[in-house]
Asks: 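Below you will find the structure I want to go over with you.
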Amino acid sequence: MALKIYNTATRQIEEFKTNQPGVVKMYTCGPTVYHFAHIGNLRTYIMEDILEKSLTYLGYRVDRVMNITDVGHLSSDADTGEDKMLKGAKRENKTVMQIAEFYTNAFKKDCERLNIKWPETVVPATSCIDEYINLVQTLLDKGYGYIAGGNVYFDVSKLDEYYSLTNHKAEDMNVGVRDSVEADSNKKNQNDFVLWFTKSKFEDQELKWDSPWGIGYPGWHIECSGISLKYLGEYLDIHCGGVDNIFPHHTNEVAQSESYLGHKWCNYWFHTQHLNTELGKMSKSDGEFTTVDKLIEHGYSPLAYRMYCLQSHYRNPLVFSYERLDGAQSAYNKLVKKVQNLTAGANEQLNDQQIKVHQEKFANALSNDINTSLALTCVYDVLKDDELNSASKIYLIKDFDSVLGLGLFAETKKENNDQLVEYINQKIAERLNAKKEKDYALADSIRNELLEKGIVLKDTPNGTEFEIK
Ligand code: AMP
Ligand code: ZN
């Protein structure tokens, strides 16, 4: 079945064609590991995981690479401000490498809890310094770069089409330079970007390497080009990230990779829209942000959040609130229960014909620009179909869950379960206390708060018991 997918580069839905038959070379921009990932970042990683699993479902072999940014990503994407990693290290009184290790592991744990498959090849940016130096040298030799104030810059005026990923005019595409960071006066053109830093106003940059241009460190954009070229070769099929990566990060990646290679580099660009709070984009610079740990603390299961993400299309912005998550949590609980209640008789034969029909519908939903809400509906259609016996239903839902990743058959992870039970018991104790104080309004609101998450309280002679619906 032909996959149709929206391509940011052409701004239209296209038929997906790979460079090599049956093989997809896929690159994902990974996290900057200076803090916990927020659930907005994780929306992007969930949708990229779905993309990889959809491609596999549709019969491709996926060679996927993701970087871990542990150097070079400054506070502003316009290459000004302090290195985010150094900021993290100062905040926690640790070294940059300790911070990188800690938050890489935290990210890995988040991925596990959200059923996000860890990509086959994950590469820390600090492991490919020689590759970046070679890239930067070639760009200088070819006349695309210049040295100013000690740094090496890419000269965007050397390209006929710098804004290939966007249809905006140059003046609209200047990255918001925040008040707190100074504009870089070394740049010949405002959107020139740093390939290699040797001079930064932050003298205490911890990680530095020798280079032909002096001791310094790579710019953020060169990392993704260097890693992708090293591990996936000169022709990339699909490159992914959140929409904020389109400019300047991905635009700069295209500029430097194609100038280096002398030919087109990547055919399809897949971008996930943002997760927003009611106040705007969820971001770490706001100070307050929601993490997977916070969701668990509030009594939600990470996979209910995954379901919440799947209920909307990756190209639509998604607004997050706990009230909205309640709906997903309760739908998730009901779905798990229905699926886990399926029991196949010993002699049940699979209904091969009907299975094919359902699989086709599911593959169609994925092929329709990764329509995850339609793909979810396919699970409900299986449950409702009277022509399918239980064995066939189990077979199909397992098959679909290899893409959806909702853990519909997996036993709830003990660790998550323990945390949920602890949360419910704490709420039961609070409610008991409210009743003792004759604060019945509070007692009722606690009961309702749990009910919204699908947790029903029952008062019995032995105390309060609960049931998860
Ligand atoms: P970072 O760790 O900041 O480099 O971001 C990791 C990924 O999360 C990138 O692909 C970003 O585009 C993406 N991202 C950042 N903020 C959001 C958000 N609010 N919603 C969805 N994705 C986001
Ligand atoms: Zn990147």
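The structure displayed is predicted, hence computed values, not measured ones. One is the number of the first residue; the rest follow in order along the sequence. For ligands, and for the atoms within them, numbers begin at 1 and follow the listed sequence.
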Asks: Among L335, L404, V382, whose side-chain contact (heavy atoms from CB on, under 4.5 Å) with I397 holds?
Replies: V382
Asks: Specify which N/O/S atom of H249 comes nearest to the Zn ion (ligand 2), by atom name.
Replies: NE2
Asks: Looking from the Zn ion (ligand 2), what is the angle between SG on C224 and SG on C29, to the nearest 10°?
Replies: 130°
Asks: What atoms in ligand 1 come closer than 4.0 Å to a heavy atom of N245?
Replies: 9 (C), 10 (O), 11 (C), 12 (O)
Asks: Would you mind listing which atoms of ligand 1 come within a distance below 4.0 Å of any non-hydrogen atom of P31?
Replies: 2 (O)
Asks: May I ask you to test the S259-K158 pair for a side-chain heavy-atom distance under 4.5 Å?
Replies: no
Asks: Please find out if the Zn ion (ligand 2) and some N, O or S atom of H250 are separated by less than 2.8 Å.
Replies: no
Asks: Taking side-chain contact (heavy atoms from CB on, under 4.5 Å) as the definition, give me every residue that meets it alongside K427, ordered by chain and number, with sequence neighbours left out.
Replies: Y423, E430, I446, E449, L450
Asks: Output all residues satisfying salt bridge (Lys or Arg N to Asp or Glu O under 4.0 Å) with K337, sequence neighbours left out; order by chain, then residue number.
Replies: E467
Asks: For atom 14 (N) of ligand 1, which of the options N41, I246, V243, T277 provides the nearest non-hydrogen atom?
Replies: N41
Asks: Donor-acceptor pair, D401 side chain versus L406 backbone, under 3.5 Å?
Replies: yes
Asks: Under 4.0 Å from a heavy atom of T44: give me the atoms of ligand 1 that qualify, with their elements.
Replies: 10 (O), 13 (C), 21 (C), 22 (N), 23 (C)
Asks: Does T272 come within less than 4.0 Å of ligand 1, judged by its heavy atoms?
Replies: no
